[in-house]
Protein chains: 2
Amino acid sequence: MNDEPSTRDRLVQAATRLFRQRGYDGTGLTEILTEAGVPKGSLYHHFPDGKADLACAAADWTASEIIRVIDDSFRTAPDWRHGVTTFCYKMAKLFDILESADACPIFGLLFEGPDQDRFRAQAEHSFDRIIAAATRYGEGLGLTHEAAHDAAETFIIGFQGSWTLARTRRKSDVLRGLPARLYGPLTA
Amino acid sequence: MNDEPSTRDRLVQAATRLFRQRGYDGTGLTEILTEAGVPKGSLYHHFPDGKADLACAAADWTASEIIRVIDDSFRTAPDWRHGVTTFCYKMAKLFDILESADACPIFGLLFEGPDQDRFRAQAEHSFDRIIAAATRYGEGLGLTHEAAHDAAETFIIGFQGSWTLARTRRKSDVLRGLPARLYGPLTA
DNA sequence: CCGCCAATAGACCGTTTGGTCTAGTAACAC
DNA sequence: GTGTTACTAGACCAAACGGTCTATTGGCGG
């Protein structure tokens with residue numbers, strides 16, 4: 001029973017949380033190190049390029065978490081709208097747990113830092129993974145590949161915008177209301 | 001003919017651009033000062049709280065710019081969809097001019113910095129101004145207040161998400177495709 | 001026991017940060 | 001002229017930054 005997460009994992013998770021709260025440039029290395037309970041030497045052992053490497057790892061980890069939620073939401077969904085709705089409700093719950101303070105978990109920690117294009121590329125990659133995951137479920141529900149991809153993009157675009165608005169207002173309702181915005185009110 | 005912008009305006013505009021490119025914490029005061037050609041003393045004369053004040057002024061200024069584009073797009077629009085479409089095309093053009101590098105002009109510079117709640121409140125205010133502007137045009141086009149407000153929110157949520165995706169991909173198409181996503185393909 | 005290497009530990013460094021403070025200047029009132 | 005106010009100008013500072021470097025530890029193969 002090895003329930004202690006590895007040093008590397010503790011770093012990535014602490015970094016993810018802090019970047020989400022304060023942004024890349026707003027978070028100091030010392031802060032991450034303290035939070036993770038890890039000395040500086042270990043950071044540069046696991047991530048030779050330091051902060052930038054850590055940010056990319058954090059982005060990757062976040063994308064995987066999102067995909068896990070997508071899986072949980074769509075695996076048993078009878079149709080596309082149900083999958084989207086479940087996802088939105090799960091994320092609204094997460095939003096409330098986070099006390100409305102954090103950036104959108106998908107994009108929060110990207111687009112900053114000196115190394116602009118590296119981060120942009122990492123964001124694009126994470127985004128594509130997420131959209132691809134959703135697309136697969138759309139196909140499984142009978143949509144053509146093109147239709148599924150389009151639906152997945154619309155879904156993620158709407159989610160991204162909704163999270164941002166929810167954050168400015170500190171109200172998770174916006175997230176729960178997304179399916180009705182995208183697909184119209186439920187017909188009895 | 002006083003075509004020289006005031007010291008204050010030069011500061012706000014330089015700050016707006018830099019914050020949009022590198023974020024709040026990513027931008028140094030020196031950088032802003034150099035860009036604006038203004039010494040430090042003047043900054044703290046016009047903005048006693050320094051960087052934070054400047055950021056709020058920049059957010060306000062940006063919101064006004066966005067509302068100007070909304071005005072230009074909706075004033076002569078025959079219906080809601082036309083207004084949204086014109087807005088999206090104008091913003092796509094802006095996106096291309098900015099070389100795809102910048103954050104969403106609506107939200108780019110918010111949500112960072114030590115003073116979390118002040119910035120959040122400023123973002124909420126700017127957001128509301130923009131949604132209110134769009135809502136007014138919706139009412140003018142015959143929608144009830146509630147319907148117009150809802151349409152405006154959906155529009156801005158979609159725009160926000162689209163800009164983010166456009167930025168990760170460095171392609172403005174996503175912006176131009178938004179109306180079709182929201183309102184379906186054009187019927188002949 | 002030794003040798004080896006991954007990993008830990010944190011002192012240390014040069015740079016840059018946002019912010020303060022004193023001095024100087026231009027315009028107007030009287 | 002003098003006084004006053006609004007603004008410009010930039011030297012200066014303590015603190016924090018990301019990153020480097022040396023030393024040490026722990027565990028496994030031999």
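Just so it is clear, the structure is predicted and the values come from calculations on it, not from any experiment. In what follows, chains are A, B, ... by sequence order, proteins preceding strands, each numbered from 1.
- The two residues A:C56 and A:Q122 come nearest to each other via the heavy atoms CB-OE1, 3.5 Å.
- Rounded to an integer number of Å, the gap from B:L29 CG to D:dG10 C1' is 14 Å.
- For the salt bridge (Lys or Arg N to Asp or Glu O under 4.0 Å) condition, no pair includes a residue of residues 5-16 of chain A, sequence neighbours left out.
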Show me the donor-acceptor pairs within less than 3.5 Å that the side chains of residues 27-37 of chain A make with the rest of the protein, sequence neighbours left out.
| residue | atom | partner | partner atom | Å |
| --- | --- | --- | --- | --- |
| A:T27 | OG1 | A:L18 | O | 3.3 |
| A:T27 | OG1 | A:G23 | O | 2.7 |
| A:E31 | OE1 | A:G28 | N | 3.4 |
| A:E31 | OE2 | A:R22 | NE | 2.6 |
| A:E31 | OE2 | A:R22 | NH2 | 2.7 |
| A:T34 | OG1 | A:T30 | O | 2.7 |
| A:E35 | OE2 | A:R17 | NH1 | 2.4 |
| A:E35 | OE2 | A:R17 | NH2 | 2.7 |

Can you name the atoms? Protein N/O to nucleotides 25-27 of chain C N/O, anything below 3.5 Å, with the distance.
none

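- Atom pair B:D25:CG and D:dA16:P shows a separation of 14 Å (rounding to whole Å applied).
- Distance CZ (A:F47) to P (D:dG18): 15 Å, rounded to an integer number of Å.
- Counting non-hydrogen atoms of neighbouring residues, nucleotides and ligands closer than 6.0 angstrom, the NE2 atom of A:H82 reaches no more than 12 such neighbours.
- We find that NZ of A:K51 is positioned 8 Å from P of D:dG19, with the value rounded to whole Å.
- The residue A:S6 sits apart from the nucleic acid: no heavy atom pair falls under 4.0 Å.
- Ring centroid separation for the pair A:W80 and A:Y137 does not come in under the 6.0 Å cut-off.
- Atom OH of A:Y24 and atom P of D:dC17 are 13 Å apart (whole Å).
- Following rounding to the nearest Å, B:Y44 (OH) and C:dG18 (P) show an atom-to-atom distance of 8 Å.
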Output a table of donor-acceptor pairs, distance under 3.5 Å, between side-chain atoms of residues 87-94 of chain A and any protein atom two or more places apart or on a different chain; print 'none' if there are none.
none

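- Of the candidates A:R170, A:K171, A:R169, A:D173 forms a salt bridge (charged side-chain N to carboxylate O under 4.0 Å, His left out) with just one, namely A:K171.
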Do any N or O atoms of the protein come closer than 3.5 Å to N or O atoms of nucleotides 12-16 of chain C, and which pairs are they?
none

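- Between B:R167 and B:D102 no salt bridge is recorded (no basic side-chain N to carboxylate O distance below 4.0 Å).
- Mapping A:P48 and A:E31 onto DNA chain D by nearest heavy atom places A:E31 closer to the 5' end of the strand.
- Ionic pairing of B:R136 and B:D71 is not present here: no N-O contact between side-chain nitrogen and carboxylate oxygen is shorter than 4.0 angstrom.
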Protein N or O to nucleotides 5-8 of chain D N or O, pairs below 3.5 Å:
| residue | atom | partner | partner atom | Å |
| --- | --- | --- | --- | --- |
| D:dC7 | OP2 | B:H45 | NE2 | 2.8 |
| D:dC7 | O5' | B:H45 | NE2 | 3.3 |
| D:dT8 | OP1 | B:T7 | OG1 | 2.4 |
| D:dT8 | OP2 | B:S42 | OG | 3.3 |
| D:dT8 | OP2 | B:H46 | NE2 | 3.0 |
| D:dT8 | O5' | B:S42 | OG | 3.4 |

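- Ring orientation note: the planes of B:Y24 and B:F119 are nearly perpendicular, at an angle over 60° on the 30°/60° scale.
- With 3.5 Å as the limit, one finds a donor-acceptor pair spanning the side chains of A:R176 and A:S172.
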